[in-house]
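Working notes, structure below.
The chains referred to below are lettered A, B, ... by the order of the sequence lines, with proteins before strands, and numbering in each begins at 1. All values reported here derive from a predicted model rather than from experimental measurement.
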Protein chains: 2
Amino acid sequence: MLQDKWIQLAVVDDHPIVLHGLERLFAQEPHISIAGFFTTGAAFIDFMADNEVQVVLLDIALPDINGAELCRKIKQLSPATCVLAFSSHSERAVIMQLLQNGASGYLLKNIAAPELMQCLEEALNGQITFSTEVKKIMARPSAGELEPVLPLTKREKQILHLIADGKTNAAIAAVLLLSVLTVETHRKNLMQKFGVKNAAALIKAATQHQLL
Amino acid sequence: MLQDKWIQLAVVDDHPIVLHGLERLFAQEPHISIAGFFTTGAAFIDFMADNEVQVVLLDIALPDINGAELCRKIKQLSPATCVLAFSSHSERAVIMQLLQNGASGYLLKNIAAPELMQCLEEALNGQITFSTEVKKIMARPSAGELEPVLPLTKREKQILHLIADGKTNAAIAAVLLLSVLTVETHRKNLMQKFGVKNAAALIKAATQHQLL
DNA sequence: TTTTTTCTACCGGATTATTGGTAGTTTCTG
DNA sequence: CAGAAACTACCAATAATCCGGTAGAAAAAA
C-alpha cells in the first residue's frame, strides 16, 4: 500500500449488509479512509462533484443506473479514479463491459478479505486486477457456445460491412460496381451461412462472431 | 519465476527480427525453454498438436490468420496454455478482442525487456497482465467517440432486443400482445433516436452503445 | 391534481428485402 | 491443366420495412 498516504475509497452498493461488512473490514486498514458509502449512482456522482476519490468499489446492479454506465461516467468525470467492479455477476460479457468502460479490475463478491486487500493494492499500483474466479473466467475460451459459422469469402465480408453500415442493396451495388442482383445473392448467402432470416439478425450474429 | 522448472515458451510472429531479438533475450533466462518460433498460425497449430507449450507470445498481424482468431483456437486446443498478445496495435477494440478470446494479457511491442520478463512472470502466476502503455489505454474512458443516444424507454428496449433476434414486426406484435402498427411506431422511434435508416444499422449502433 | 412522458394505434403508398433457386464466368488451388 | 471455389447475374412474386406524421389513453412525475 502507498506509505503514509490516506487512500480515499468509496463503495457504491445498494446492499446495506455489504456496506457494513466492508466498513468493518476497512476500519482495520491504517491507510484507507472511507470517503463514503453510497447506495445509488446519482448519490455518488453528486459526491464526486466536490470530493476526490482514489478508488471506488462498484456494484453493477444499482437501483438507478447500470454499473457499467456508472463506471463510464466516473471515468469521464475523474479519469484518475480507479474503479473496481465488485459484483456477484460472473458472466464474461459483463466483465468485458466493465473493462471496456475503463474499470481497473473486476472482483467477485465471494472474494476473501485478504485477496480483496491484495487486489486493492495492485489496482492502486496501476495494475488491472481480477479476483481468482474472474481470472478463470477470463482464461476460458469464450466462443464455445457460439455455433461455428461457415467462413466468409472476401466479397462476403465486404458486403457484410456495408450492410452493417445501413446501406441498401442498391447503394452497395453502386459502391462495389456490381449489379443489385449480385448484392442480393451475396446477402442471401450471408444469411444462409449464419442461419438467419433478416439483416438485423445477421448483424447481431456477425457481431457475436467478431466479424464486425 | 517458478523454480527449477522449464517453461516451454513459443513465439508466433511473422517478423524475423522480432524472433531474433526475443531469442537472444530468452537465451539468458535459465528457466525458459524456447519451444519454437513460428511465423504463421498454421505452423504453430501443427506444432501444438504434438508439443506442450505453457506460454505463447502472439503477434496479432499474421499472414495466414488473425491473431485474435488464433488465440481462440489455441485456447480451444489447450485451455491451460497462457497466451500473451504481443503487438504494435494499441487500439482498445483490439485489446478487448484478445481478452474476449481468452488471452492472459496484452503487451505492446515497445515494452522494455525487464518489463516483458515481469509480465511473463505475472502471467505464469495466473495474473492477467498488461504492459504499462496498455494499462493506460484500458484506464481511459472509451466511449467519448460515440455520439450519445437519447435514452430508450423500457418498451423500446424490449422491441430492440426482439428486432435483434430477427423477429418481424408481426412476430414482435404477437409476442408482446400489441398491434403491428404499435411495433412499427416503436421501431421508427428507435431508428430516429439512433439516427439510422434501417434495422441493420440500428443493431450495429445499439451494439456499439452496449444496448445489446 | 396537473403536466409530462410513455405507450398505443393509425395506414396507405413507396421502397426495400427476402424467397426460390439456377447457371455461366473468372479466379484460385492442387 | 483440370477441378473446385468464388463471383457474378438472373428475376418475379411475396413479404416486410420505411415514410409522413397525428393523436388519444394510460402511466408517471412534479
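Not counting sequence neighbours, the partners of B:Arg155 by the side chain to side chain contact (heavy atoms under 4.5 Å, CB included) test are B:Thr153, B:Gln158, B:Leu176, B:Leu178, B:His186. With sequence neighbours excluded, the residues satisfying side chain to side chain contact (heavy atoms under 4.5 Å, CB included) with A:Lys157 are A:Leu152.
Protein atom CZ of B:Arg187 is 19 Å distant from nucleotide atom P of C:dT15, rounded to whole Å. We find that CD of B:Gln192 is positioned 13 Å from P of D:dC18, with the value rounded to whole Å. Summarising the geometry, the separation between CG on A:Leu190 and C1' on C:dT18 is reported as 14 Å, rounded to the nearest angstrom. Put simply, CG on B:Leu176 is 8 Å from P on C:dT8, counting in whole angstrom units. Here the C1' atom of nucleotide D:dA25 and the CG atom of B:Leu178 are 14 Å apart, to the nearest Å. If you take CD1 of A:Ile172 and C1' of C:dA17, they are 11 Å apart, rounded to a whole angstrom. Rounded to an integer number of Å, the gap from CG of A:Leu181 to P of C:dT18 is 15 Å. Atom pair B:Leu152:CG and C:dT6:P shows a separation of 11 Å (rounding to whole Å applied).
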Using a cutoff of under 3.5 Å, can you pull out all pairs of nitrogen or oxygen atoms linking the protein to nucleotides 19-21 of chain C, with atom names and distances?
residue	atom	partner	partner atom	Å
C:dG20	N7	A:Lys188	NZ	3.2
C:dG20	O6	A:Lys188	NZ	2.6
C:dG21	N7	A:Lys188	NZ	3.2
C:dG21	O6	A:Lys188	NZ	3.0

Pick out the pairs of N or O atoms, protein on one side and nucleotides 2-6 of chain D on the other, that lie under 3.5 Å.
none

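Other residues, nucleotides and ligands place more than 12 heavy atoms under 6.0 Å from the NZ atom of A:Lys135. The number of heavy-atom neighbours closer than 6.0 Å to CD of B:Glu52, taken from other residues, nucleotides and ligands shown, is 12 or below.
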Go along nucleotides 24-30 of chain C 5' to 3' and tag each nucleotide: B for a protein heavy atom under 4.0 Å from its base, S when only backbone or sugar atoms are that close, - otherwise.
-> -------
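Applying the side chain to side chain contact (heavy atoms under 4.5 Å, CB included) test between B:Phe130 and each of B:Ile137, B:Leu107, B:Leu99, B:Leu108 identifies B:Leu99 as the sole match. Of the options A:Val12, A:Asp14, A:Val11, a side chain to side chain contact (heavy atoms under 4.5 Å, CB included) to A:Asp59 is made by A:Asp14 and by none of the others.
Remark: nothing in residues 157-170 of chain B comes within less than 4.0 Å of DNA chain C through any heavy atom.
Remark: the A:Asn101 side chain and the A:Glu69 side chain contain no N/O donor-acceptor pair separated by less than 3.5 Å. A:Thr132 and A:Glu115 share a donor-acceptor pair across their side chains, judged by distance under 3.5 Å alone.
With rounding to the nearest 0.5 angstrom, the SG atom of B:Cys71 is 10.5 Å from the CD1 atom of B:Ile65.
Under the 4.5 Å side-chain criterion, counting only non-hydrogen atoms from C-beta, B:Thr40 is not in contact with B:Leu62.
A:His209 and A:Phe194 have perpendicular rings, their planes meeting at more than 60° on a 0 to 90° scale where under 30° would count as parallel.
Dashed line: the shortest gap from a side-chain N or O of B:His186 to OP1 or OP2 of C:dT8 is under 4.0 Å. Taking side-chain N and O atoms only, B:Thr182 has a distance below 4.0 Å to OP1 or OP2 of C:dA9.
Using a 4.0 Å heavy-atom distance criterion, A:Ser179 is classed as a sugar-phosphate-only contact.
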Chi angles and distances behind the side-chain contact (heavy atoms from CB on, under 4.5 Å) call for B:Leu160, B:Leu202 | CA-CA 9 Å; B:Leu160 178 62; B:Leu202 174 67; 3.9 Å; yes
Criterion side-chain contact (heavy atoms from CB on, under 4.5 Å) on A:Leu57 and A:Asp13, from CA distance to verdict = CA-CA 8 Å; A:Leu57 276 183; A:Asp13 195 298; over 6 Å; no
Taking it one step at a time, do A:Leu19 and A:Phe38 satisfy side-chain contact (heavy atoms from CB on, under 4.5 Å)?
-> CA-CA 8 Å; A:Leu19 299 182; A:Phe38 306 87; over 6 Å; no
